[in-house]
Student: 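Handing you this structure, nothing more for now.
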Amino acid sequence: MRLVNYYTLDNLSRYDPDYYESIKDDYPLLFVSGLSFDGKAYTVSGLEDSERWEKTYSHLKRFEDKAETHSAVYDSYIRYVLVNDDTVTWNQLVHGMFSSRFGDSIPFHSVYTDYIYND
């Protein structure tokens with residue numbers, strides 16, 4: 001299966017004008033990776049800066065909940081994430097991403113995210 005992440009710049013009012021000018025020519029960005037499952041493990045692979053990378057995970061987890069903060073622009077989400085620990089929660093993954101403590105980071109790979117807007 002091919003996974004595609006496509007990044008664009010959204011509402012220009014959210015950016016400092018000088019910063020926007022410095023990054024606008026770099027967008028849109030497209031990242032393509034491959035996902036396979038051999039019956040026991042999930043393998044994600046791709047190319048980055050002309051170098052091949054590959055990571056293997058043992059579990060595909062589904063997380064569904066309300067937005068993590070009141071200031072989020074979405075109301076809720078559904079996420080599919082590859083992990084090696086079937087008991088890990090989304091909050092633990094987020095904590096690990098932002099923690100400055102050595103060892104708090106938990107390896108994972110996001111496969112799919114659906115942001116739900118109730119406006």
Side-chain angles (χ1 to χ4, degrees):
M1 166 187 287
R2 291 280 177 230
L3 304 176
V4 178
N5 292 309
Y6 183 74
Y7 298 96
T8 61
L9 296 174
D10 59 358
N11 185 342
L12 301 182
S13 68
R14 295 180 183 206
Y15 299 92
D16 173 78
D18 292 333
Y19 179 67
Y20 174 79
E21 284 299 317
S22 72
I23 65 170
K24 71 178 184 178
D25 293 336
D26 295 334
Y27 288 84
L29 292 172
L30 179 70
F31 296 98
V32 179
S33 56
L35 172 62
S36 63
F37 180 65
D38 67 5
K40 294 183 180 179
Y42 298 88
T43 302
V44 183
S45 61
L47 287 173
E48 190 169 319
D49 297 326
S50 300
E51 291 194 30
R52 182 168 168 69
W53 58 268
E54 184 174 290
K55 296 180 183 175
T56 302
Y57 299 90
S58 54
H59 302 283
L60 175 64
K61 291 200 63 164
R62 181 181 192 270
F63 298 107
E64 182 175 0
D65 206 345
K66 294 180 179 168
E68 295 88 347
T69 66
H70 296 297
S71 60
V73 297
Y74 55 93
D75 297 299
S76 60
Y77 62 83
I78 299 171
R79 301 179 197 280
Y80 288 88
V81 177
L82 296 170
V83 295
N84 287 317
D85 178 357
D86 193 33
T87 65
V88 72
T89 66
W90 179 249
N91 287 338
Q92 289 170 322
L93 293 175
V94 171
H95 172 79
M97 279 190 292
F98 296 109
S99 175
S100 61
R101 289 182 39 192
F102 181 76
D104 280 357
S105 179
I106 301 170
F108 75 96
H109 187 88
S110 181
V111 173
Y112 173 81
T113 302
D114 185 13
Y115 294 109
I116 300 157
Y117 303 85
N118 294 330
D119 293 329

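Below, each value reflects all heavy atoms present in this structure, side chains not excepted, and no hydrogens, waters or symmetry copies.
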Student: Please check if F108 and Y77 belong to a single hydrophobic cluster, counting links between Ile, Leu, Val, Met, Phe, Trp and Tyr side chain heavy atoms closer than 4.5 Å.
Tutor: yes
Student: For Y42, check ring pair (Phe, Tyr, Trp, His ring centres under 6.0 Å) against everything at least two apart and list the hits.
Tutor: F37
Student: What residues, two or more places apart in sequence or in another chain, satisfy side-chain contact (heavy atoms from CB on, under 4.5 Å) together with D104?
Tutor: H95, S99, R101
Student: In the single-linkage hydrophobic clustering (I, L, V, M, F, W, Y; side-chain heavy atoms under 4.5 Å), do V4 and L60 co-cluster?
Tutor: no
Student: In terms of hydrophobic clusters joined by side-chain contacts under 4.5 Å, are V111 and F63 together?
Tutor: no
Student: Not counting sequence neighbours, list each pair that qualifies as a salt bridge (Lys or Arg N to Asp or Glu O under 4.0 Å) and has a residue in residues 78-89.
Tutor: E68-R79
Student: With I106 as reference, evaluate V83, N84, V88, T89 under the side chain to side chain contact (heavy atoms under 4.5 Å, CB included) test and give the passing residue.
Tutor: V88
Student: Give the ring-plane orientation class for Y57 versus H109, where under 30° counts as parallel, over 60° as perpendicular and anything between as tilted.
Tutor: tilted
Student: How far apart are the C-alpha atoms of D65 and N91, what are their side-chain angles, what is the distance that settles it, and do they pass the side chain to side chain contact (heavy atoms under 4.5 Å, CB included) test?
Tutor: CA-CA 11 Å; D65 206 345; N91 287 338; 5.6 Å; no
Student: For T69, give me all partners under side-chain hydrogen bond (donor to acceptor under 3.5 Å, both in side chains), at least two apart in sequence or on another chain.
Tutor: S71
Student: Just say parallel, tilted or perpendicular for the rings of Y115 and Y74, cut-offs at 30° and 60°.
Tutor: tilted
Student: With sequence neighbours left out, write down each residue that passes side-chain contact (heavy atoms from CB on, under 4.5 Å) with Y112, or none if nothing qualifies.
Tutor: Y80, D114
Student: Out of curiosity, I116 CD1 to D75 CG, how far, rounded to the nearest 0.5 Å?
Tutor: 8.5 Å
Student: I'd like to know if Y6 and L3 are part of one continuous hydrophobic network [Ile/Leu/Val/Met/Phe/Trp/Tyr, side-chain heavy atoms within less than 4.5 Å].
Tutor: no
Student: Going by the rule side-chain contact (heavy atoms from CB on, under 4.5 Å), which residues pair with T43 if we only count those two or more places apart in sequence or in a different chain?
Tutor: S36, E54, T56
Student: Scan the side chains in residues 16-34 for donor-acceptor partners under 3.5 Å anywhere in the protein, sequence neighbours excluded, and list what turns up.
Tutor:
{"residue": "D16", "atom": "OD2", "partner": "D18", "partner atom": "N", "Å": "3.1"}
{"residue": "D16", "atom": "OD2", "partner": "Y19", "partner atom": "N", "Å": "3.1"}
{"residue": "E21", "atom": "OE1", "partner": "K24", "partner atom": "NZ", "Å": "3.1"}
{"residue": "S22", "atom": "OG", "partner": "Y19", "partner atom": "O", "Å": "2.7"}

Student: Pair E64, S76 - check side chain to side chain contact (heavy atoms under 4.5 Å, CB included), show working.
Tutor: CA-CA 7 Å; E64 182 175 0; S76 60; over 6 Å; no
Student: Pairs in or reaching into residues 90-99: which pass salt bridge (Lys or Arg N to Asp or Glu O under 4.0 Å), with residues at least two apart or in two chains?
Tutor: none
Student: In terms of hydrophobic clusters joined by side-chain contacts under 4.5 Å, are W90 and F98 together?
Tutor: yes
Student: With rounding to the nearest 0.5 angstrom, report the CG to NZ distance, N118 to K66.
Tutor: 10.0 Å
Student: Holding to side-chain contact (heavy atoms from CB on, under 4.5 Å), I want the full list of residues that pass it with S110, two or more places apart in sequence or in another chain.
Tutor: T113
Student: Under the side chain to side chain contact (heavy atoms under 4.5 Å, CB included) criterion, do L82 and L35 qualify, and how do the steps go?
Tutor: CA-CA 10 Å; L82 296 170; L35 172 62; 3.8 Å; yes
Student: Which residues satisfy the side-chain hydrogen bond (donor to acceptor under 3.5 Å, both in side chains) test with T8, sequence neighbours excluded?
Tutor: none
